[in-house]
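Chain A is the first sequence line, chain B the second, and so forth, proteins listed ahead of strands; every chain is numbered from 1.
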Amino acid sequence: MSLERPDTVDDGAVEQTPDELEALLGDLVVDRDDHLNAPGFVIRPDTVQETLRTLKQQAGYDHLSVVSAQEYENRYESIYHLKKYDDPTQEVSVVVPADKDDPVSESGEPVFRTADWHEREAYDLIGIEYDDHPDLRRILLPETWQGHPLSMDYDKDRPQIATLPEHANPLEDHHKDAESDTMFLNIGPHHPATHGVLHLKTVLDGEQVADVEPDIGYLHRSEEQMAQSGTYRHQIMPYPDRWDYISAGLLNEWAYARAAEDLADIEVPEYAQVIRTMGAEMCRIAAHMLALATFALDINGDFTATFMYAINDRERVQNLLEDLTGQRLMFNYFRLGGVVWDLPEPREEFFSKTRDFLDQLPESVEEYHNLITSNEVFQMRTIDTGILPPEVAKNYGATGPVARGSGVDYDLRRDDPYGYYDELDWDVVTEDGCDNFSRLLVRMREVEESAKIIEQCVDLLEDWPEDERNIQANVPRTLRPDDDTEIYRAVEGAKGELGIYIRADGTDKPARFKIRSPCFSNLQTLPEMANGEYIPDVIAALGSLDVVLGEVDR
Amino acid sequence: MGTAPAQLFPEFIVDTLGLDSVIGEVAASLVAAFVVGNIILAFTGVAGPWAKRKITAAFTDRIAVDRIGPFGLLIIPAAAVQLLAKELIIPEGVDRPSWDIAPILLPSSALLGFSVIPMGQLGPINLHLADPEVGFALVFAFASIASVSLVMAGYASNNKYSLLGGLRAVAQNLAYEIPLIVTAMSVVIFSGTLQMSGVVGAQTETLVTIGGIAIPSWYAFVNPFAFVLFLTANMAEIGRNPFDIPEAPTEIVAGYQTEYSSAYFVLFYLGEFVHIFLGGAILAVTFLGGASGPGPESIGFIWFVVKIWGFFLFTQWARAALPRVRIDQLIEIGWKGMLVLSFANLVLTAVIVGVIA
């Protein structure tokens with residue numbers, strides 16, 4: 001992959017019309033299949049790399065958000081959702097149909113590294129095979145799984161029999177080598193620092209990491225399939241809370257709300273947008289506080305005071321969220337077209353509690369700076385470890401604080417505005433260090449930016465005329481978006497770009513519901529950061545990625 | 001130098017009870033050792049299940065144990081029963097008997113160190129078991145046996161995390177024991193003796209008198225630089241933050257202890273706490289005037305207890321506040337920093353003492 005992007009920064013921002021893109025791709029395009037969010041070009045399954053490369057190099061589409069795959073009555077289909085890091089409103093979908101009887105399609109991995117895991121997932125769940133893929137194995141389900149659960153002929157009643165001897169000990173074949181002087185070490189799935197059930201297959205050379213491979217799927221709960229069997233109006237909204245369950249619930253709910261509202265053409269009242277924005281930023285603070293807390297745990301050890309301090313601060317914002325939504329973790333507060341209820345009465349009390357929290361926050365942040373970021377030992381541990389250069393980050397589709405810690409100025413709240421963000425005064429935080437320290441700093445500074453947003457929202461809500469407090473738009477009791485409409489919409493979740501792809505088939509349930517999890521793409525960068533470093537650096541890098549396995553595995 | 005050392009504890013028993021036969025002396029020594037050993041074990045009992053929790057809770061804005069007994073103190077017997085009642089799980093493929101010896105070796109080596117520590121007087125009793133002429137060298141020798149135990153536990157456990165922990169323990173102890181001992185030698189240059197009572201005695205003289213308050217010539221005041229070096233090396237020696245890397249639960253899952261449960265686990269924890277107290281005792285004797293303090297000499301033991309608990313508190317503070325260094329950084333600090341500084345300190349001390357004396 002020595003393919004340098006020849007275009008300059010300006011080129012990325014130049015917007016091409018769909019027809020220009022079609023002209024650029026020329027014969028590669030077989031048909032058009034436009035989605036609500038982007039023009040879609042249908043190509044032949046053996047020209048994937050050529051198409052993606054042309055779009056990446058000559059049109060500046062340098063961000064492969066997600067690969068969503070599905071099976072139709074007459075074909076399989078993979079969609080490569082492309083965007084630009086410089087301007088994510090410029091989107092294009094590359095639609096790759098594959099043969100029903102022999103679903104083979106060329107892999108996009110040589111062009112976008114991130115396609116590796118996305119295509120493995122498509123293979124695992126749908127059954128499409130990717131030619132030229134470096135490592136086409138199952139990713140979420142066990143290797144011995146029978147069938148592909150999201151394909152049409154999947155027999156869910158078939159017993160999954162995989163005996164223990166069949167599921168061979170991974171140590172036996174490829175890890176015992178009399179010649180080599182390396183050691184294979186399983187970090188996880190039960191390990192104090194994996195932040196959930198994650199398994200890192202690590203090869204050590206002394207204390208140094210020769211190779212690390214994340215093994216995910218331990219928390220796979222078929223979230224996509226569950227969403228596909230729920231109705232748009234009410235039955236899907238509770239699920240997003242359970243993806244990134246580290247109190248980022250409202251941010252996740254917004255991802256679904258945004259996609260579904262755009263799909264069904266629902267206009268959200270302004271008042272509800274302000275409440276959503278405020279709630280979402282509270283969630284972001286809670287999520288970043290936990291990230292900071294657990295990062296301190298990884299670097300300092302189990303008895304660090306920083307952990308409890310950060311949990312304390314998270315608790316305060318959690319109390320505000322409880323007042324607002326009635327729940328502490330699984331909020332289920334958003335509805336299509338608005339939110340479920342207005343601010344708690346008495347409103348003044350809620351506002352003053354929120355202001356108290358905001359007033360005390362700078363002091364807390366200062367304390368964290370005293371405790372960790374200005375500590376020399378902490379700096380020694382985190383600066384210049386876990387390096388993720390910006391080009392590598394983009395190639396892996398990294399987003400959120402991970403990308404911004406590598407100096408990639410990408411934040412959907414500003415670049416692809418939704419909610420009330422573009423009316424408010426706040427800044428996107430980036431750091432150029434590309435290391436563990438930068439990623440932590442980005443989160444700490446983002447907490448302050450979120451506080452700014454919340455403060456402005458509180459001001460707005462306080463002065464909102466009483467007769468204009470409309471919390472929900474009129475939404476039909478049953479939503480049936482038109483047949484064969486497709487949309488991909490993303491919001492800035494706590495960990496990055498959280499996107500939803502929905503294909504409607506004219507019923508009240510989505511025909512395909514695909515979640516683009518930011519943690520999934522971010523976690524993929526771990527080997528880049530960890531190889532050649534020490535074990536403690538792997539732990540630090542993993543902590544600085546701030547993955548939530550519920551969102552990785554879905 | 002200094003005042004004449006008081007009668008040692010075993011001799012005191014012999015004299016008081018009139019046991020002047022060989023058997024009587026042996027019995028008296030055993031009784032004295034039993035008493036001293038139990039004092040230390042009692043400290044550990046209070047520190048492990050109760051004080052450590054309370055201290056950490058105070059640092060982290062929590063409450064900790066307060067349900068059983070006054071201030072939650074009855075958690076101590078409750079925890080003892082609970083820990084000992086657990087099943088001892090012996091993993092497949094462990095290398096016995098080293099796997100069984102390691103947890104016994106750690107606390108016993110640390111306890112052995114207390115045999116030469118002058119713990120001060122409590123009334124007529126001088127809590128000091130033996131005062132050999134090489135006492136100072138002996139105590140470090142005892143303290144370093146601990147590394148053998150950690151290595152044994154590490155390799156005998158048949159677990160990769162344990163192995164890594166064992167390797168880290170050796171690397172760390174090698175890197176820090178040399179600066180520790182070299183720094184201690186600079187104290188020996190001052191005191192001119194390796195006998196514990198002599199080292200403590202040399203610190204009773206008045207260094208300066210400021211505003212009517214006599215500052216004793218504790219070596220921490222005489223040579224603060226050596227004190228800081230020694231304190232740092234001591235933290236590494238006992239394996240506490242920022243040098244707790246042989247355990248490092250978030251990296252190598254408690255290292256050499258990973259495979260130990262029940263009574264063996266208790267023994268390891270006991271050993272670690274005794275080791276912290278031994279570290280505090282060595283620090284007190286070497287730099288903080290041993291059992292000396294305001295008031296009559298007969299309450300010296302109380303001052304000694306205050307000093308070693310002060311050191312314990314310090315380790316817990318470091319644990320709550322300081323990040324852990326990485327293994328390669330630790331080795332670098334040890335060999336490239338501490339070793340050079342400790343030798344510089346030794347040479348300087350020797351020159352200064354030689355010129356003045």
Side-chain angles (χ1 to χ4, degrees), chain A residues 171 175 182-188 190-195 202-204 206-209 293-313 315 367 370-382 384-385 533-540 542-543, chain B residues 52-64 155 159-172 232 235-236 239-255 257-258 315-333 337:
Chain A
L171 277 176
H175 298 297
T182 56
M183 173 168 95
F184 178 77
L185 181 72
N186 287 306
I187 300 182
H190 305 291
H191 184 280
T194 50
H195 298 212
T202 323
V203 179
L204 295 180
E207 275 259 1
Q208 270 165 315
V209 177
T294 48
F295 191 57
L297 213 54
D298 291 343
I299 304 285
N300 289 28
D302 296 0
F303 294 94
T304 177
T306 318
F307 176 73
M308 280 321 281
Y309 291 176
I311 291 287
N312 254 340
D313 279 324
E315 189 61 26
E367 187 167 23
N370 283 337
L371 267 170
I372 50 178
T373 52
S374 56
N375 182 308
E376 278 84 356
V377 180
F378 190 88
Q379 291 176 0
M380 224 159 81
R381 281 293 310 277
T382 52
D384 282 336
T385 61
E533 308 239 11
Y534 287 85
I535 304 174
D537 294 332
V538 178
I539 302 298
L542 184 63
Chain B
K52 182 188 145 157
R53 289 177 178 176
K54 282 293 195 188
I55 294 167
T56 313
F59 276 122
T60 55
D61 289 349
R62 290 182 292 119
I63 298 165
Y155 91 87
N159 176 312
K160 290 167 180 174
Y161 287 112
S162 301
L163 183 68
L164 283 172
L167 293 177
R168 283 180 173 198
V170 194
Q172 172 163 335
T232 315
M235 296 292 273
R240 282 292 167 269
N241 274 38
F243 306 113
D244 71 330
I245 63 161
E247 279 177 51
T250 46
E251 292 162 18
I252 53 166
V253 207
Q257 310 172 353
T258 309
T315 60
Q316 297 305 309
W317 180 22
R319 212 164 202 200
L322 292 179
R324 173 193 301 138
V325 296
R326 209 168 54 204
I327 177 76
D328 60 314
Q329 293 167 341
L330 174 105
I331 301 299
E332 216 171 278
I333 298 169

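Atom CE of A:M308 is separated from atom OG1 of B:T56 by 11.5 Å, given to the nearest 0.5 angstrom. Here the OH atom belonging to A:Y534 is positioned 9.0 Å from the CD atom belonging to B:Q329, to the nearest 0.5 angstrom. Rounding to the nearest 0.5 Å places CE of A:M380 at 4.0 Å from CD1 of B:I333.
Taking B:A321, B:A254, B:A320 one by one and counting their heavy-atom pairs under 4.5 Å with chain A, the maximum is reached by B:A320. For the options A:T385, A:D537, A:L371, heavy-atom pairs under 4.5 Å to chain B are most numerous at A:D537. The candidate from A:V538, A:I311, A:D298 with the greatest count of non-hydrogen atom pairs under 4.5 Å with chain B is A:D298. Interface remark: of the candidates A:A296, A:G206, A:G301, A:G301 forms the most heavy-atom pairs closer than 4.5 Å to chain B.
Looking at every heavy atom in both residues, A:R381 comes nearest to B:V325 through CD-C, 4.0 Å. Scanning both residues, B:Y161 and A:N186, for their nearest heavy atoms gives OH-O, 2.7 Å. Of all the heavy atoms in A:Y309 and B:F59, the pair that sits closest is OH-O, 2.8 Å. Contact record, A:A305 with B:T60: CA-CG2, 3.3 Å, taken as the closest heavy-atom pair.
Heavy atoms closer than 4.5 Å to chain B are found in both the backbone and the side chain of A:F303. Using a 4.5 Å cut-off between heavy atoms, A:N375 touches chain B through its side chain atoms alone. The parts of A:I187 that come within reach of chain B are both its backbone and its side chain, each placing non-hydrogen atoms under 4.5 angstrom from that chain. Only the side chain of A:I535 comes within contact range of chain B, with at least one heavy atom under 4.5 Å from a heavy atom of that chain. Both the backbone and the side chain of A:F378 come within contact range of chain B, with heavy atoms under 4.5 Å apart.
Judged as a side chain to side chain donor-acceptor pair (under 3.5 Å), and not counting sequence neighbours, the contacts of A:E315 are A:R328. Residues meeting the side chain to side chain donor-acceptor pair (under 3.5 Å) test with A:T304, sequence neighbours left out: A:N300, A:T306. Under the rule for a side chain to side chain donor-acceptor pair (under 3.5 Å), the partners of B:D328 that lie at least two apart in sequence or sit in another chain are B:R326.
With a 4.5 Å cut-off on side-chain heavy atoms, A:N312 and B:D61 count as touching. A:P192 is listed as a side-chain neighbour of B:V253, based on a closest heavy-atom distance under 4.5 Å.
Contact annotation for residues 163-171 of chain B against chain A (heavy-atom separation below 4.5 Å, listed by residue number): B:L164, B:R168.
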